[in-house]
Amino acid sequence: MSTPPLPLGARMRARGVCEDDWSARPTAERSWPVILIHGTCDTKGVWQVLAGMLREAGWAVFAPDYGTRATGPIPDSARQVDAYIDAVLTVTGAEKVILVGHSQGGLLARYWMRMHGGAGRVHHVVCVSAPNHGTTQGGIASPLFKSERQEDVVRSLIDGWFGPAGMQQIVGSEIVEATNRESEVEPGVSYTCIATRSDAVVVPPTTCFLTGPKVRNVFVQDVERRALIRHEDMPMDKRVCGIILEDLEQLAEASGARND
């Protein structure tokens with residue numbers, strides 16, 4: 001049996017370099033390892049800037065590669081991430097982690113918690129331009145399809161570029177529906193959802209936002225009014241990384257205050 005060709009997106013040149021340091025350990029002040037989950041067609045190299053900022057601030061940071069550059073089926077990727085998170089918890093001795101996911105990475109983090117019962121291992125989730133309700137591009141385009149043949153052509157293009165994970169992020173997909181069924185959030189987990197008004201991939205950008213207790217939704221432009229940041233640039237933009245760092249530092253401060 002021949003091996004199917006890699007999706008085109010999985011053949012793109014990697015952006016950045018981000019290596020794991022398995023000797024890193026949480027501290028009393030920052031007691032949760034931070035796991036950075038990249039998006040479709042990317043590698044963990046996109047976290048080069050953020051990982052450096054977090055490590056300089058004293059956080060133990062880890063980042064997996066998964067799913068053939070996140071083009072594989074999301075359920076398969078969730079199993080890989082599940083094993084990786086278990087490894088981080090085992091090595092560091094921590095009880096819970098913080099998850100930061102860009103694009104598919106944010107949706108995957110939430111899908112994993114829902115389908116693998118992972119919420120008990122998570123303290124906080126940061127979704128960065130994640131299609132938490134599916135991108136509506138497919139929904140907007142569907143009235144233009146005059147025949148099933150045209151729809152098949154569009155789906156073939158999506159599959160050819162993004163792999164199976166592409167259609168699984170479209171609004172109404174079983175993955176999106178399963179992740180949001182009954183509740184968009186998990187008990188005991190807090191969330192920060194960061195979006196850019198310049199997003200042309202997750203449409204509308206508010207699809208990143210969640211509803212529920214312990215949820216903070218923020219546009220980058222609420223902090224940096226004139227920022228023009230594209231979807232694909234979010235994980236490497238220093239302004240976005242600064243928002244994430246501040247978010248995590250506030251968690252650490254709140255935890256320290258409770259322990260005093």
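Computation of the quantities below employed the complete heavy-atom set of this structure, encompassing side-chain atoms and omitting hydrogens, waters and symmetry-equivalent molecules. The chain is numbered in sequence order, starting from 1.
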Quick one: side chains of residues 56-65, donor-acceptor pairs under 3.5 Å with protein atoms, not counting sequence neighbours, listed by atom name and distance.
{"unit_1": "Trp59", "atom_1": "NE1", "unit_2": "Glu249", "atom_2": "OE2", "d": "2.8"}
{"unit_1": "Asp65", "atom_1": "OD1", "unit_2": "His38", "atom_2": "NE2", "d": "3.4"}
{"unit_1": "Asp65", "atom_1": "OD1", "unit_2": "Lys44", "atom_2": "N", "d": "2.8"}

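- Partners of Arg239 under the side chain to side chain donor-acceptor pair (under 3.5 Å) rule, at least two apart in sequence or in another chain, are Asp237.
- For the residue pair Asn180/Arg110, the side-chain donor-acceptor check at 3.5 Å is satisfied.
- Counting heavy-atom neighbours within 6.0 Å of Glu95 CD, excluding the residue itself, gives a total of 12 or less.
- Using a cut-off of 4.0 Å between Lys/Arg side-chain N and Asp/Glu carboxylate O, Asp247 and Arg216 are scored as salt-bridged.
- If you run salt bridge (Lys or Arg N to Asp or Glu O under 4.0 Å) between Arg114 and each of Glu182, Glu186, Glu177, only Glu186 comes through.
- Taken to the nearest 0.5 Å, the CD atom of Gln104 stands 8.5 Å off from the OG1 atom of Thr71.
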Item to complete: List the steps and the verdict of side-chain contact (heavy atoms from CB on, under 4.5 Å) for Val189 and Lys214.
Response: CA-CA 7 Å; Val189 180; Lys214 303 174 73 174; over 6 Å; no

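- By the 4.5 Å side-chain criterion applied to Ile, Leu, Val, Met, Phe, Trp and Tyr, Phe219 is assigned to a cluster that also includes Phe209.
- Residues forming a ring pair (Phe, Tyr, Trp, His ring centres under 6.0 Å) with His124 (at least two apart in sequence, or on another chain): none.
- Applying the salt bridge (Lys or Arg N to Asp or Glu O under 4.0 Å) definition to pairs two or more places apart or across chains, those involving residues 217-226 are Arg197-Asp222.
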Output side-chain donor-acceptor pairs under 3.5 Å for residues 74-82, partner residues at least two apart or in another chain, one line each.
{"unit_1": "Asp76", "atom_1": "OD1", "unit_2": "Arg79", "atom_2": "NH2", "d": "2.2"}
{"unit_1": "Gln80", "atom_1": "OE1", "unit_2": "Gly67", "atom_2": "N", "d": "2.9"}
{"unit_1": "Asp82", "atom_1": "OD1", "unit_2": "Trp112", "atom_2": "NE1", "d": "2.9"}
{"unit_1": "Asp82", "atom_1": "OD1", "unit_2": "Arg121", "atom_2": "NH1", "d": "3.3"}
{"unit_1": "Asp82", "atom_1": "OD1", "unit_2": "Arg121", "atom_2": "NH2", "d": "3.2"}

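- Side-chain atoms of Tyr84 and Asp20 include a donor-acceptor pair closer than 3.5 Å.
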